Every structure is written in structure tokens, then in C-alpha cells.
Amino acid sequence: MRFRLRTLAFPPLALSILFLTASGKELRTPLGTDPVMQVARVPLAPDDPARQGIGRLRYIGGVRLTSPDLGFSGFSALSVVGDHFTLLSDRGNLVQFRMGTDWQPAHVRFAEVPGGPGSSAFKGDRDSESLTRDPVTGEFWVGFESQNAIFRFDRDLRRTLGQAYPEAMKRWPRNGGAESMVRLADGRFLVIGETARLRGGSVEQREVLLFPSDPTMGDRQPIHFAYVPPAGYDPSDAALLPDGRLLVLVRRFAARTLFTVKIELVDIRGVKAGQVLHGTELADFSPPFQHDNFEGLAVQREGDSMVLWMVSDDNEQWWQQTLLLKFRLDL
């Protein structure tokens with residue numbers, strides 16, 4: 001189909017949008033200036049509200065998040081510090097708020113990451129898929145999947161402090177790169193490729209890079225090893241436990257069940273270059289449990305308990321949801 005544009009019928013802004021869309025550069029949808037967000041409580045199993053356990057997890061509660069803002073969608077990474085929440089979308093949008101045991105958000109802030117590869121006008125240049133934080137300085141690191149880049153920001157996510165395009169990530173797929181990133185307690189950084197394969201390895205392996213320190217400061221060369229997710233699943237996020245082991249969130253899409261996820265425990269302590277690691281399943285979010293495109297994972301201690309948070313990416317689809325769920329972890 002061919003289109004003829006009558007220039008007098010379109011204002012310059014409309015023509016620019018048409019041109020940029022036709023060029024294959026998808027425009028990103030920023031959040032507005034009015035931070036409105038609603039919550040609604042959800043059960044763990046929609047058809048069995050009394051059910052509270054799933055694998056090694058105990059359900060504490062959860063909410064469905066909604067907003068009239070068109071930019072409120074696509075949350076791919078999560079940070080939780082006390083009652084402070086940061087949700088990061090795959091369009092570089094930020095939603096920050098506080099929420100206590102009453103499940104009512106307060107001090108809601110809509111913003112966007114203050115920097116990134118290319119132009120903030122395009123989704124591909126702000127395809128932020130992973131997030132990690134320094135517990136001492138409060139600084140954040142964001143992994144941009146489409147550009148295979150890592151940026152460092154201040155504790156308020158208002159200023160860019162550093163950036164890197166690691167050589168080890170340059171050959172990673174544009175839509176299968178830095179989906180998971182974790183800062184280890186000793187200052188090393190671990191990045192898992194969603195579909196990137198270890199060179200010379202089998203197709204089921206996912207390449208993992210372990211940087212000796214902050215990859216945005218100097219020419220940091222990582223060691224390479226591999227993680228093998230369950231068959232049919234891809235890693236979508238990871239979180240560090242206090243003992244040094246890793247929780248990995250893995251995701252699958254199937255026509256019958258749509259999106260389902262599992263959580264695996266992976267022992268990365270003492271890992272060596274070229275090693276191939278497997279995980280131990282802790283929970284399987286298949287029907288009858290809530291199942292959606294969960295992409296964000298966060299862990300923190302509450303008293304004597306270790307709690308786990310998950311957030312889902314609705315892919316801007318009406319039939320999907322933005323779910324924020326909380327569990328107690330029993331190891």
C-alpha cells in the first residue's frame with residue numbers, strides 16, 4: 001500500500017512523527033507530569049483465594065497497578081529498599097513510590113532515566129531492562145538491552161555518572177542482551193544475557209559475564225561462564241541473596257498458558273571462567289497461580305525473614321497486567 005502525504009494537511013510535528021515511525025525507529029511514550037497510580041489487591045491463585053503457598057515461597061500479598069497515563073507500562077526491572085520502590089520500564093520510564101503494609105502507595109513520582117544511549121525520543125535507545133544498586137552509596141546501574149550498554153546514575157536517578165559499552169557484550173543480540181544485572185556484595189557485577197550464548201557452548205546455555213568491578217569505570221574485562229535455564233525458558237532478572245547465591249527469574253511464552261515464570265536458585269559462589277551452572281527450582285508460576293510476563297525481581301530482609309518482590313511487564317497489551325507481588329522465601 002502506498003500513501004501520498006498532502007503536506008498542507010499535516011502540521012510539521014505530525015509529519016515528523018510519521019517520518020520517524022516509517023523509518024523503523026519506534027518512538028517511546030514518556031510518562032506525564034501527573035503521577036496518578038491506583039492499586040487493587042490480587043490473590044496468589046485467582047480461583048482459590050485462600051491458597052498462600054507456591055513452592056518454597058509463601059505469599060504475603062500483591063497488587064495490580066494501573067494508571068491513566070499512557071506511559072505507565074512495560075516494567076522490566078525493580079528495586080525495593082525498605083518501603084521505597086523503583087519500577088523501571090523498557091522505555092526508560094521510572095515510577096517511584098513508598099508503600100507500607102496497607103498496600104497504599106504514597107509520594108508517587110513519575111520520571112525517566114536521565115541518560116542513556118542515543119536519543120531519548122526512541123524506545124530502542126532507552127530499552128532499559130535491568131537495574132541494580134549499591135547499598136552503601138545508593139547509586140544505580142541500568143542495563144540497556146538494545147544497545148548492549150550499562151549506565152550509572154546517582155541515588156536519586158536524576159544525574160548520569162558513568163557509562164560503558166562493554167566489548168564482551170557487543171555481539172549480544174539486540175533483543176536478547178543485558179536482561180539481568182546484579183551488583184555483588186564485594187563490588188563485582190554480574191550480567192546475564194537473555195538469549196546470548198556462550199561462545200562455543202550449546203544452544204541452551206546463556207552467557208554470563210562477571211566483571212571484577214564497576215563496568216562503567218575503566219576497561220573492566222569480565223570472566224565468561226554459562227547458566228542453563230529450564231528448557232523453553234529465558235532468564236528475565238536476577239537478585240542476590242545475603243549468602244552470595246543468586247535467585248534467577250526465568251520466563252516462557254506458550255500458546256496454551258501464555259506467559260509463565262519460574263524462580264531458580266543458582267549457586268555462583270566460587271564460579272570459574274567457562275563453568276556451566278544449573279539452578280534448583282524454587283517456584284513455578286503456572287496456572288492456577290498468577291502468571292504473566294514477570295521481568296523484575298528484588299530481594300530484601302525484613303526482620304528475620306527474607307522477602308522477594310516480583311513485577312510484571314504488561315507489554316502494553318490490554319490482556320496483560322502490571323502485578324507487584326510479595327513473598328516470604330523459605331530456604
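For reference, positions follow the sequence shown, starting with 1. What's counted below: heavy atoms across the whole structure, side chains too, no hydrogens, waters or symmetry copies. Predicted model, so just to flag it, every value in this text is computed and none were measured.
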Handout entry: SB check Arg245 Asp267 (cutoff 4.0 Å)
Key = no

Exercise for the section: State whether a side-chain donor-acceptor pair under 3.5 Å links Arg251 with Ser236. Expected result: no

Practice task
Ignoring hydrogens and angles, state whether a donor on the side chain of Gln96 or His84 is under 3.5 Å from an acceptor on the partner side chain.
Solution key: no

Practice task
Determine yes or no for a side-chain-to-main-chain donor-acceptor pair under 3.5 angstrom, with Asp125 supplying the side chain and Ser120 the backbone.
Solution key: no

Problem - Side-chain donor/acceptor of Asp237 to backbone N/O of Ala298, under 3.5 Å - result: no

Exercise for the section: For Ser67 and Val36, indicate whether the former's side chain and the latter's backbone hold a donor-acceptor pair under 3.5 Å. Expected result: yes

Handout entry: Leu78 vs Leu131 side-chain heavy atoms within contact, under 4.5 Å
Key = no

Problem - Check ion pair Arg91-Glu316 (N to O, under 4.0 angstrom) - result: yes

Practice task
Return yes when atom CZ of Arg171 has more than 12 non-hydrogen atoms of other residues, nucleotides or ligands closer than 6.0 Å, and no otherwise.
Solution key: yes

Practice task
Check whether the side chains of Asp284 and Ser286 place a donor and an acceptor atom closer than 3.5 Å, and report yes or no.
Solution key: yes

Handout entry: Donor-acceptor contact below 3.5 Å, side chain Arg155 vs main chain Thr137
Key = yes

Handout entry: Between Asn93 and Arg28: side-chain donor-acceptor atoms closer than 3.5 Å
Key = yes

Problem - Side-chain touch Leu27/Thr29, heavy atoms, less than 4.5 angstrom - result: no

Exercise for the section: Take atom CD of Gln104 as the centre, draw a 6.0 Å sphere, and report whether it contains more than 12 heavy atoms from other residues, nucleotides or ligands. Expected result: yes

Exercise for the section: May I ask you to test the Glu295-Val311 pair for a side-chain heavy-atom distance under 4.5 Å? Expected result: no

Practice task
For the pair Arg41 (side chain) and Arg64 (backbone), establish whether a donor and an acceptor sit closer than 3.5 Å, ignoring hydrogens and angles.
Solution key: no

Problem - Asp219 and Gln221: side chain donor to acceptor below 3.5 Å - result: yes

Handout entry: Polar side chain donor-acceptor pair, Trp172 to Glu207, under 3.5 angstrom
Key = yes

Practice task
For the pair Phe110 and Phe72, name the ring-plane relationship: parallel under 30°, tilted 30 to 60°, perpendicular over 60°.
Solution key: tilted

Exercise for the section: Answer yes if the ring centres of Phe259 and Phe253 are under 6.0 angstrom apart, and no otherwise. Expected result: yes

Problem - Sub-6.0 Å ring centroid separation between Phe327 and Trp309 - result: no

Handout entry: Asp90 side chain near Asp313 side chain, heavy-atom distance below 4.5 Å
Key = yes

Exercise for the section: Scan side-chain atoms only and decide if Glu129 and Ser76 contain a donor-acceptor pair under the 3.5 Å cut-off. Expected result: yes

Handout entry: Side-chain heavy atoms of Leu246 within contact of Tyr227, under 4.5 Å
Key = no

Handout entry: Student check: side-chain heavy atoms of Leu331 and Leu282 closer than 4.5 Å
Key = yes

Practice task
Say whether Trp141 and Asp214, considering side chains only, have a donor N or O and an acceptor N or O under 3.5 Å apart.
Solution key: yes

Practice task
State, without any angle test, whether Ser146 and Asp127 hold a side-chain donor-acceptor pair at a distance under 3.5 Å.
Solution key: yes

Practice task
Taking the side chain as every heavy atom from C-beta outward, state whether Leu323 and Val63 have any pair of such atoms under 4.5 Å apart.
Solution key: no

Handout entry: Test item: Val142 and Ile150 side chains (from C-beta on) under 4.5 Å apart, heavy atoms
Key = no

Practice task
For the residue pair Ser213 and Arg220, confirm or rule out a side-chain donor-acceptor distance under 3.5 Å.
Solution key: yes

Practice task
Please state whether the rings of Phe153 and Phe151 are parallel, tilted or perpendicular, taking 30° and 60° as the class boundaries.
Solution key: parallel

Practice task
Using distance alone, with no hydrogens and no angle criterion, decide if Gln320 and Asn315 have a side-chain donor and acceptor under 3.5 Å apart.
Solution key: yes

Handout entry: Electrostatic pair Glu139-Arg152, nearest N-O below 4.0 angstrom
Key = yes

Problem - Glu281 side chain vs Glu264 backbone, donor-acceptor pair below 3.5 Å - result: no

